Amino acid sequence: MKVGIKGITTLVVAASLVIANRELADRIDESGFIRGVAPVDQNKYLPIGSDTHDNKVWACLTNPEIIIPWEAINDDYCDCPDGSDEPGTAACSGLNAQALPGFWCQNIGYKARYIPNHRVNDGLCDYKLCCDGSDEWAHIGGVKCENRCEAMQREWHTLVDLETEELHRGLKIREERVQETWKKLETIREEMKDISDQLVHLKLQLNIRSENSHEVLWCETVKQQYEALQDRVKFLESKISSEDKAYDITEIDWTQCQPQQKANLWTNMWASLWNKFIEHLPAGIKNISKAQLHQFQKWLISNGFLEPETKFNPQKSAQIQAEIVKLKQEYDIKREQLLESNPDFGRDNIFYPYAVSIFNNGKVGSPDPGACINTYLAGYEYKVCPLHSVHQTGNGHDSLLGKYESMSEVILERDNVTGLVRGLPKLTEDQMAAGWTIVGGKSKLVMEFSGGTKCWEGPQRKAKVEIFCGEIDGILAVKEAEKCQYVIEMVSPVACKEKLDKIDEVEIIHDEL
Amino acid sequence: MVTISTHSSWLSSAIALLCLFPILVKAVDKSVFKSCAESSFCKRNRHYADAIDRSQFWASPYEVQTSSLKYDIWTGKLEGNLIKNLPNGVQEQIIFPFELSFLVSGNARLKIDEERRMKQNISIPGFGNLNKQRYNQAAEWALASGAAQSMGENVTVHGLEDIQNGFAQTFEITYGPGGSKSVVMSMNPFKMDFRNQGESQVLLNSDGLINLEHWRPQPANDQLFDFQLNEMELNHDMWADQFKGFKDTKPRGPESIALDITFSGYSHVYGIPEHSDTLSLRQTRGGYGNHDEPYRLYNVDIFEYEPNSALPMYGAIPFMQAHKQESSAGVFWINAADTYIDIIKTAASNEDSFDITSASTRTHWMSEAGIIDLVVMMGDTPGSINKLYGDLTGFTTLPQLSAASYHQCRWNYNTQDDVLEVDENFDLNDIPYDVIWLDIEYTKDRSYFTWDPATFPNPELMMQKLDESKRKLTAIIDPHLKASSRVGSEIKAQGLAIHDKDRNPFLGQCWPGDSYWIDTTNVDARNYWANQYALGSEFAGNSTNLFIWNDMNEPSVFHGVETTINRDSIHIDGWENRDLHNLYGMSVVNGTYEGFIARDANSRPFILTRSFFAGSQRFGAAWTGDNVATWESLQIATPMLLTNGVAGMPFMGADVGGFFKNPTSELLARWYQSGTFYPFFRAHAHIDTKRREPFLVAEPYKSVIRDAIKLRYALLPSIYTAFYHASVDGSPIMMPVYYYTPKNERSFAIDDQFFVGNTGILAKPVVQQDVDSVEIYIPDDEVYYDYFNYHCYEGMGYHSLKVELDTIPLLSRGGHIYARRDRFRRSSELMKFDPFTLIVTLSKSGFAKGDLYIDDGNSFDHQSGDFIHYEFTFNSGFKKLMAVNQNKSNPDTHKFIDGMANVTIEKIIIVGDLTPTRSDSQVRVSQNTESWDASIVNKSLTSSAHVLVIKKPNVTIGTDWEIQV
């Protein structure tokens, strides 16, 4: 029994000697610095003077009125109300006011970091912040942390390279889609322009031909025709000469236009107009040969500006009428295809392809199956139709989780330690095997859907679709953190944003010794 | 959780099913539960009491058969018969054998059974295998092993011969140390008078309300008169009744037992949880501020309960404490059937030989079935009654340190990633926590002992990740088992389910839809249940940081009668649920506990239960169930928890934030300020509420909440020490004020403030909206210091404290020493090697004392002596602070003690007027035959109290030390 007690006593004495020796060393780290303080801040820990006993003293950093012995820095006892005297220990971790950014981990080979002081000597190796293991310098409970900085740096590079590469691939797919959309829209616009031109002339012809055309309409038509001629002249002029631009076309007072005559007088009218036109042609054109002028006249006729016929043909009028109706329809179809009166399709009109079937014929319709993304999760089928709706089907229920409301781009927060995007969803093994990728990138696209089916005893369902950059379009996960409030995580190239400048400034510390 | 469901979630396909029978109740619907008048046995017994009260010529038909009295000096047991005389014309006497025993713990126990039923000499038509005895096993469940042992030591019987010879009508038995206690028994009418130091304390049957409904054959339908009834009795619904369309067959007919118990000279009684009511119990026979209904003990799933009610709740502890200036007393009514208790307080009276000299409290206990089995406890202080009660039913199991820390719960964290994200957010926001919880949605189709593979594909990995910061997971497991699941079909096939009256497994509705209930009162079922938690099992795997939550174990049955199972459903050995209803929940937890002990015999299980009974404290914690995010709900939580502490089950909490509805940020912040003192400190929220984890709350509330949680962690050494006391002597952890000031009558009903264990810390958390001051009651002449700034308060009475949002009104009583750990860590286990700070608050006379209990926080090694228990004293005469380790045992292994060798006390704060011995600002520290100096660092923190701080005395934890200040 006595031996046992003596044994304990010896052990305790030995331990307190260890404490005493340790205390001297513990204030200073292996490099001779005040432990836990970054090199740039070391000067803050110089003594500010001496007391009456010639002992060095120091002032708390943000409470400089409090003077403590210099030896009290890092003595594992919290002297300063701002905690500034214990940069290297956890002694002040219970204070709410913290003057220090934390315990400085040098992390040679990787990036220097601050770790909160409460994580110093808590028995856990916090490699994420302190890859060199220096946060557990007291080895409490026998803990020993290895130095993992090199491995972590390698790992970090791998991750950054991978992210860059995947982002690049995502961006490429996105760019292809943007180009495709752009081409599609350009084609439509050109076609519309053609139709529009044809229409103008058909209408003109029709009006000219119309015996019963209203006077004002008749005048209007002539006015249009005249202006068309003017445009043509301007065009010609630009082709012919750059010097004689300063032509002047006499303004015709169209309010005076009172053609009481019948439409078959058109030829005369037209002749007079043509003469007037010729008269007002700029000098550069007047000077060209008659043959050339004739040629122009023929060109005008062939393009519908001039009426070669002098006789009214009602049958032809009907044809034109029909043609106009047809062209108008075509034009409207094309215009609908532009979807200009509809909501934002995102940066670069990236969601245009999804919108085409929804907004068909000027009405919000059901999207084509191809414009929705489906998946089965936990016994339910989810259908996300961008710009339209989100549905959940299963268990005998078909619930609308929400109708499309708005879209925004949300900048992603990066962990200042790993440099990687915080809260980035993880792919399942199956998804990875299927070639899915997810890239943090700069932002995510967030689409809000609201006004869904009412919950039993609760509000209407709502869904928030968060789209992250990835090479494949797919639904990763559905979360219901609060009842009837869904968050649907997706990946798609549509969410990829321009190349990262630099994910994070990684300052690699090289061992200078 | 309660009987309300949703079908929004894809995470739980079974929910949709439940929608077919929604219950749309907005607040507690009292009509769901039987009033006394609707409960036939209560109605009969109240009628009996009223009839006797009105009668002038009533003579109780119960008398002691003097010739039957026998005393055994070895066992300390007095046996005899109580005779019930039937009305004129019926010659038959009903014999009720009784036994009065004197337990080793110093308690006296009275049991009364019915002879005919003991001999099983009754017939139950059509119910051949129903148990014919009265249920006599409640004590086996409630009492700790060995607690029922009686002995003749210190017991002396006086005048038994005179009784037997007919010379006397009463006789006395003295018992207890020095014969300080006694009981005087009267023969006809039967009465008992329990006395302490010669003073009457507890009187049995002094009002003559004893009523033992004996077995009789069911009268024929056309029988006009029941010859078995005496003139005061009512024969209302004796053989069957109907409530809300539920028929209760009563195959054994009337069998209720009732007795009046008077606490002589006591005007305050406490206990008999669970009710959402004041600490000091109200009268129940009407009048201003009183209840109209008796307090009822019947475990039910009460929905959105309201404060100040006598309605039954989830738990039942039939233990009542009485306290007056001179002494305390207690009665434990060991019965697990539906029980009503009427309370009447009377002014002084002086009837017959029973000496009632001052105000008394008369109580009337009525149970539907079972035997009379009660224990009378008498002592000097409320604490002494807790000790006596704990000696009987066992003490609070010392929990893992993690379980005494902060718990984060919600219905539901939906996926394992969700869990880990919440975990990470605590760290990102520098908020400590220890345990994260999973409600029902983690299961596959709400089938317990499974994980939904879609949402929790790798639970063990998740638990490993939590373990990286030394955190734990608690998963819910309820006793209703999905009928079509593996466990459901196994318990059906193996006959381990509770059965209905027709002997089919009882099929009811609960979370999974069609469910069976495991009959854990059956040892085979309990073993089956325990095995589901086995190492390597599908559910529990090999994780080491898994805790369990047994919910809905009243049991809750959706659309069941009074929200629970039918009374005539049948448990093992032919017992009806009616017999043992209130202990079923405990039997479930008992099985879980056994399962975890089998898993790892040296790791303390942690189990939370909603339903509880006397003895549940041996297995874990309970909480106050489904409260609401209202100020009223916050207010009633404190008295409810105090009551549970008085009734021997102090490890209790209320859902911080309120389960139903969304709290305002202010309410949430205030709730955390209260909750940080709850022995069981857990935030929880209904699935329909917004997320409200502390890190999601806006500033300034977030910081207020963080500070409140950090205060819990700083005080954890003291709170854990309070748990230790609870585990050895039954002390409440949140301690009612009158425990500190048992002589101050004005403190007896105070229940909106309390002390933290024996630290002297007096807390009065703000529980009102938008207040700028709080009136705190100082219950004695001692000096009190503000906990935070040491401002002095003196003088008995109310003092006004200014409060801001971030203020927790907290005073430190002079005369105490307690320990803190002021360093912040992510979880409790990470504080293991951190140094301690001691706070010494000097009393007016310059003394202080206190203690600190430390062990490894998770194993049972403390039971073999591997712990440290310092007792601290400070004496201003000698100016000496002394620390003596009370653990003098020399354990075989002392892994824990050895590990503490480098842990120190870093700071000692002495508050109060004290001039140090030396003038050089040094104190002398001695430990292990060595001495050294340590410095005094004076901090002038307040103008009204002297504060002296000793920096780094550097004493280590383990051996004795002293400091000459």
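Just so we're clear, the structure is a prediction, and the values are computed from it rather than from any experiment. The chains referred to below are lettered A, B, ... by the order of the sequence lines, with proteins before strands, and numbering in each begins at 1. No hydrogens, no waters, no symmetry mates; every other heavy atom, side chains included, goes into these values.
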- Query: Do B:Lys951 and A:Asp79 pass the salt bridge (charged side-chain N to carboxylate O under 4.0 Å, His left out) test, and can you show the C-alpha distance, the side-chain angles, and the key distance before you say yes or no?
  - Reply: CA-CA 9 Å; B:Lys951 172 173 173 174; A:Asp79 294 280; 3.0 Å; yes

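- With chain B as partner, the option from A:Gly142, A:Gly396, A:Gly141, A:Gly394 having the largest number of non-hydrogen pairs under 4.5 angstrom is A:Gly141.
- The backbone N or O of A:Asp75 sits less than 3.5 Å from a side-chain atom of B:Lys952, completing a donor-acceptor pair.
- There is no contact between B:Arg706 and chain A, counting heavy-atom distances below 4.5 Å.
- Look at A:Lys128 and B:Asp427 and you find no salt bridge, because none of the NZ, NE, NH1 or NH2 atoms lies under 4.0 Å from a carboxylate O.
- Residues B:Lys710 and A:Asn96 have side chains in contact (heavy-atom distance under 4.5 Å, counting atoms from C-beta outward).
- For B:Lys888, the NZ atom is densely surrounded, since the number of other residues' heavy atoms within 6.0 Å is greater than 12.
- Across every non-hydrogen atom of B:Phe833 and A:Ile140, the tightest pair is CD1-CD1, 3.3 Å.
- Judged by distance alone, with hydrogens and angles left aside, the side-chain atoms of A:Ser93 form a donor-acceptor pair with the main-chain N or O of B:Phe824 at under 3.5 Å.
- Annotation for B:Glu699: atom CD counts as buried by contact number, over 12 foreign heavy atoms lying within 6.0 Å.
- Heavy atoms of A:Asn117 lying under 4.5 Å from chain B belong exclusively to its backbone.
- A donor-acceptor distance shorter than 3.5 angstrom exists from the side chain of B:Asn414 to the backbone of A:Glu480, with no hydrogens or angles considered.
- Neither the backbone nor the side chain of A:Val143 comes within contact range of chain B, judged by heavy atoms closer than 4.5 Å.
- Only the backbone of B:Thr689 comes within less than 4.5 Å of a heavy atom of chain A; no side-chain atom from C-beta onward does.
- If you measure heavy-atom distances from B:Glu906 to chain A, the contacts under 4.5 Å come from both the backbone and the side chain.
- Contact of the B:Leu830 side chain with the A:Arg119 side chain is not registered, since no non-hydrogen atoms from C-beta on lie closer than 4.5 Å.
- To the nearest 0.5 angstrom, B:Asp834 atom CG is 8.5 Å from A:Asp122 atom CG.
- Here B:Arg826 is the residue among B:Lys832, B:Arg826, B:Glu424 with the most heavy-atom pairs under 4.5 Å with chain A.
- Remark: side-chain polar atoms of B:Arg825 are paired, donor with acceptor, to backbone N or O of A:His118 under 3.5 angstrom.
- Residue B:Asp418: no heavy atom, backbone or side chain, is found under 4.5 Å from chain A.
- Atom NZ of residue A:Lys483 and atom CG of residue B:Asp688 lie 3.0 Å apart, to the nearest 0.5 angstrom.
- Here the side chain of A:Glu482 pairs no donor or acceptor atom with the backbone of B:Lys690 at under 3.5 angstrom.
- Residue B:Glu829 does not touch chain A at all, counting heavy-atom pairs closer than 4.5 Å.
- Here the closest non-hydrogen pair linking B:Leu428 and A:Arg422 is CD2-NH2, 4.3 Å.
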